[in-house]
Structure formats: structure tokens, C-alpha cells
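Report on the following structure.
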2 protein chains.
Amino acid sequence: MPRAGLTPDLVVAEASRLSDEKGFEALSLAAVAKRFGVATPSLYKHVDGLTGLRREVSLRAVTELGDRLQGAAVGRSGPDAVRALFGAYRAYAHEHPGGYAATQRGAAPTDHEAYAAFARPVEVIAAVLRGFDIPEARMVHTIRALRSAVHGFVDLEAHGGFRMPEDIDESYDVLVEGFIHVLERRPGHTGHGAEEAEEGEN
Amino acid sequence: MPRAGLTPDLVVAEASRLSDEKGFEALSLAAVAKRFGVATPSLYKHVDGLTGLRREVSLRAVTELGDRLQGAAVGRSGPDAVRALFGAYRAYAHEHPGGYAATQRGAAPTDHEAYAAFARPVEVIAAVLRGFDIPEARMVHTIRALRSAVHGFVDLEAHGGFRMPEDIDESYDVLVEGFIHVLERRPGHTGHGAEEAEEGEN
DNA sequence: GCTAGAAAGCTAACGCCAATAGCTAACGGC
DNA sequence: GCCGTTAGCTATTGGCGTTAGCTTTCTAGC
């Protein structure tokens with residue numbers, strides 16, 4: 001009997017595809033094995049159980065998301081960069097719903113590799129926001145606000161939370177432009193601030 | 001052997017408690033049964049399987065969330081009402097993490113009872129926003145933006161997405177005040193709008 | 001107070017999944 | 001062409017959801 005020729009990368013790639021098609025919650029070792037025409041236990045030779053597989057899918061997804069954000073932001077600045085960021089973020093979630101969902105399961109605090117991977121998208125956001133006149137003490141709060149806005153919209157949309165007939169793209173525009181408006185005309189204001197800290201998941 | 005005295009309400013209440021303690025994903029018939037000192041199949045006399053139990057927990061949660069929002073908004077208007085809304089929303093998520101998570105699994109389109117229940121929190125938000133000078137064509141988009149902001153923040157926070165040392169309450173303030181700022185000083189602007197529609201999940 | 005029927009909770013059994021142990025056969029280096 | 005490595009297998013265990021069918025408790029009505 002010839003071998004299936006699996007590798008960790010192949011398995012994770014197929015798992016990512018599967019979770020994009022059926023949802024991240026539907027990701028199972030049995031389903032992945034079936035796709036390769038292989039028995040479930042065989043996957044253990046390439047992946048550390050279901051937990052490990054989920055972790056790898058998350059890592060892959062968050063890395064790709066980071067790349068996309070970076071790609072969107074490069075060469076732009078100010079409001080344009082923010083628009084590009086918002087756009088790329090939602091586009092990724094549309095193209096890879098399972099991957100985006102995987103992105104939401106944070107990494108264990110001890111898992112340094114995952115920790116770093118999860119920090120990257122945030123770093124890109126931070127870089128873009130530095131183009132605005134935001135006091136250091138407000139930086140982290142602003143990053144968190146942006147992340148909340150994007151993620152909230154994308155997540156609600158993905159779960160079918162917007163049921164009215166109004167155009168969803170237009171709603172996103174309203175959100176994005178509203179956010180930019182605050183960024184531009186509201187640089188300071190709350191003077192009492194904490195000191196700054198370095199990169200990481202804000 | 002005396003009976004356990006279960007009722008649908010008791011079962012759902014215990015399930016809600018369990019999912020608040022261990023997470024909505026950890027909700028299982030087996031775990032609920034164990035809490036009552038009862039065999040798993042016994043629960044089928046009160047609840048329509050795991051799917052049904054999840055639905056009931058969701059309904060209960062979304063109803064309570066709606067009540068909380070309403071309670072927070074009543075007697076207030078304008079920015080104060082928005083602040084109260086944001087506050088109550090996050091407070092609910094803190095007190096009932098499992099319930100809040102349950103809230104995110106939307107209802108089936110055919111499930112009219114659930115549909116109505118899920119619409120209620122949105123109706124409260126809509127009522128509060130009517131206190132601002134927002135063009136009808138922009139209303140739904142604004143509601144969606146608010147929901148995105150709150151949910152995004154709460155969801156990221158719940159999943160441990162804010163890892164920097166900065167105070168999270170303060171971040172929430174920044175988000176809330178930013179949103180209010182847009183509401184107050186940016187009533188119109190994009191003139192091209194759709195027509196209005198009635199309540200429902202926006 | 002007794003009885004009959006409704007219904008609560010039980011055990012048994014099946015299928016699906018994750019996971020571990022241990023076998024076998026295919027592959028690659030020499 | 002041989003041999004060690006290892007990919008993939010089968011067998012098995014344990015947990016879960018679900019259905020079927022039984023027994024026993026409770027309660028309504030006489």
C-alpha cells in the first residue's frame with residue numbers, strides 16, 4: 001500500500017481549508033483524516049492531537065492576517081492607512097472565516113511562539129496609528145478601540161448579526177470614517193494617562 | 001428512590017450557571033446531569049437535546065441582556081444614556097461570560113421566538129440613538145457601529161485579548177467617549193442614504 | 001384511601017470522536 | 001540489497017449525545 005505522503009504542513013493546510021469551509025468549531029481530526037483518506041490516529045505522526053492542530057491553524061491564520069495588514073498599510077499613512085487596514089482586516093475574515101475564528105482563540109501565556117505571532121497584527125495597527133497625533137498615554141487605549149471596532153463588526157457580520165436590508169459595506173464605511181474622525185479631531189483631551197509600554201498584545 | 005424534581009427552567013438555569021463558570025463551549029448534557037445527580041438521558045424529558053439546551057440558554061441570556069440594557073437606558077438620554085448602555089452591556093458580559101457567549105450564536109431564521117428575543121437589545125440601542133440628531137438613512141449604520149464597538153471590546157476582553165498593563169476600564173472609556181464624540185459632532189455628512197426600515201436585528 | 005394513567009428517571013445500547021499502544025510495511029541511506 | 005527509521009495501520013479505551021424501552025414515582029379522580 002503506497003503512503004499518503006502527509007507532512008505537518010499539508011495536514012495543517014488541509015485543516016485550515018476545512019475550517020474555512022465548515023467552520024473552526026467543525027474542525028476535527030476525523031474530518032481531516034477522512035479528507036486525506038487516512039485513519040485518524042495517523043495524524044498524530046504529524047500533529048500534536050486536536051489541541052495541537054488547532055494551535056497550528058491559529059498560528060497560520062494569525063500570521064497570514066498580519067501579512068495582509070502589513071501589505072495593506074505599507075506605502076500609506078494617516079487616514080488612508082487606516083482605511084486600508086480596516087479593509088484588509090475584513091477582507092481576510094471574509095476569505096478565511098475559519099481562520100479568522102481561529103485567530104480569536106488566544107494563545108497560552110506560556111506559548112511564546114504563539115504569543116509573538118498574535119502580537120504582529122497589533123504591531124501593524126500600532127505602526128499605523130503612530131502616524132496620528134496621539135499622546136503616548138492614549139496609544140494603547142486607541143489601539144484597543146480600533147481593534148474592538150474592527151473585530152466587533154467582522155464578528156457580528158460573520159455570525160449573521162446584521163439582518164436589516166441596509167448595505168453592510170456602507171455600514172462598515174460609517175464605522176471606519178467615524179473612527180478616523182475621532183483620530184483626527186480628538187488627539188488629546190484626557191490628560192491623566194499611564195506611561196507607555198512596548199509592543200505586544202494590547 | 002425519590003425524584004430529582006427537575007423542570008425545564010431548573011435545567012436551563014443550571015446550564016446557564018455552568019456555562020458562566022466553565023464557558024459556553026464546555027456546556028454539555030453530561031455536565032448538567034452530573035450537577036443534578038441524574039443520568040444524562042433524563043434531561044431529555046425537560047430539554048430538546050444539547051441543541052435545544054443551547055438555544056434556551058441563549059434565549060435566557062439575550063433576554064436578560066435586553067432587560068439590563070433597558071434598565072440602564074430608562075430615565076436617561078443623549079450621551080448619558082449611551083454611557084449607561086455601554087456600561088450595562090459590559091457589566092453583563094462580566095457577570096455572565098457564558099451567557100454572553102451564548103448570545104453570540106444567532107438564532108435560526110425560522111425560529112421566530114428567538115428572532116424576536118435577539119432583536120430586543122438592538123431595539124434598546126436604537127431607542128437611545130434616536131435621542132441624537134442622526135438622519136434616518138444613517139440610523140441602521142450607526143446602530144451597527146455601536147454594536148460593533150461594544151461587542152468587539154467585550155469579546156476581545158473576554159478572550160484575553162488585552163495583554164498590556166494599561167487599565168482596561170480606561171480603554172473602555174476612551175472607546176465610549178470617542179463614540180459619543182462622533183454621535184454628537186457628526187450627525188449627517190454622507191447624504192446618499194437608503195430608506196429606513198423597522199426594528200429587528202440590524 | 002385507592003387506583004389508574006401520566007410522566008420522571010433509569011439502564012442498555014449505538015455511533016462518533018479523541019487518544020494511546022503496539023504492529024507492519026514502505027521508504028531512504030549506505 | 002540491506003537496515004534502521006517512520007508513516008500509517010488496527011485495536012482499544014473513555015467520553016459524549018442520542019434513542020428505545022422499562023420501572024417507579026407522583027398525582028387526579030373516584
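Note that these values count all heavy atoms, side chains included, but never hydrogens, waters or copies made by symmetry. Note that this is a predicted model, so its numbers are computed, not measured. Throughout, protein chains are lettered first and strands after them, A, B, ... in sequence-line order, and every chain is numbered starting at 1.
By the side-chain contact (heavy atoms from CB on, under 4.5 Å) test, A:Ala101 is found to be paired with A:Phe24, residues two or more places apart in sequence or in another chain being considered. Scored by the salt bridge (Lys or Arg N to Asp or Glu O under 4.0 Å) test, A:Arg55 finds A:Asp111, A:Glu113 as partners (sequence neighbours excluded). For A:Asp48, the salt bridge (Lys or Arg N to Asp or Glu O under 4.0 Å) criterion is met by no residue, not counting sequence neighbours. Residues passing the side-chain contact (heavy atoms from CB on, under 4.5 Å) test with B:Val47 are B:Val11, B:Val12, B:Leu53, sequence neighbours excluded. Remark: B:Asp173 engages no residue in a side-chain contact (heavy atoms from CB on, under 4.5 Å) (not counting sequence neighbours). Residues meeting the side-chain contact (heavy atoms from CB on, under 4.5 Å) test with A:Ala91, sequence neighbours left out: A:Glu95. With sequence neighbours excluded, the residues forming a salt bridge (Lys or Arg N to Asp or Glu O under 4.0 Å) with B:Glu157 are B:Arg90, listed by chain and number.
One end of the helix from C:dG1-D:dC30 to C:dC30-D:dG1 points its axis 10° away from the other end's axis, with each axis taken from 5 pairs and the angle rounded to 10°.
For B:His46, no side-chain nitrogen or oxygen approaches OP1 or OP2 of C:dA7 to under 4.0 Å. In terms of phosphate contacts, B:Ser42 brings no side-chain nitrogen or oxygen within less than 4.0 Å of OP1 or OP2 of C:dA8.
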Extract all donor-acceptor atom pairs below 3.5 Å that involve side chains of residues 74-83 of chain B and protein atoms in other chains or at least two apart in sequence.
unit_1  : atom_1 : unit_2   : atom_2 : d
B:Arg76 : NE     : B:Ala72  : O      : 3.0
B:Asp80 : OD1    : B:Arg83  : NH1    : 3.2
B:Arg83 : NE     : B:Glu177 : OE2    : 2.7
B:Arg83 : NH2    : B:Glu177 : OE1    : 3.1

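In the region residues 6-21 of chain B, proximity to DNA chain C at under 4.0 angstrom, judged on heavy atoms, holds for B:Leu6.
Applying the salt bridge (charged side-chain N to carboxylate O under 4.0 Å, His left out) test to residues at least two apart or on different chains, the pairs with a partner in residues 18-31 of chain A are A:Glu21-A:Arg35.
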TODO: Would you give a per-nucleotide map of nucleotides 16-23 of chain D, 5' to 3', where B means the base has a protein non-hydrogen atom under 4.0 Å away, S means only the sugar-phosphate does, and - means neither?
DONE: SSBB----
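Looking only at side-chain heavy atoms (C-beta outward), B:Met164 and A:Met139 stay at 4.5 Å or farther from each other.
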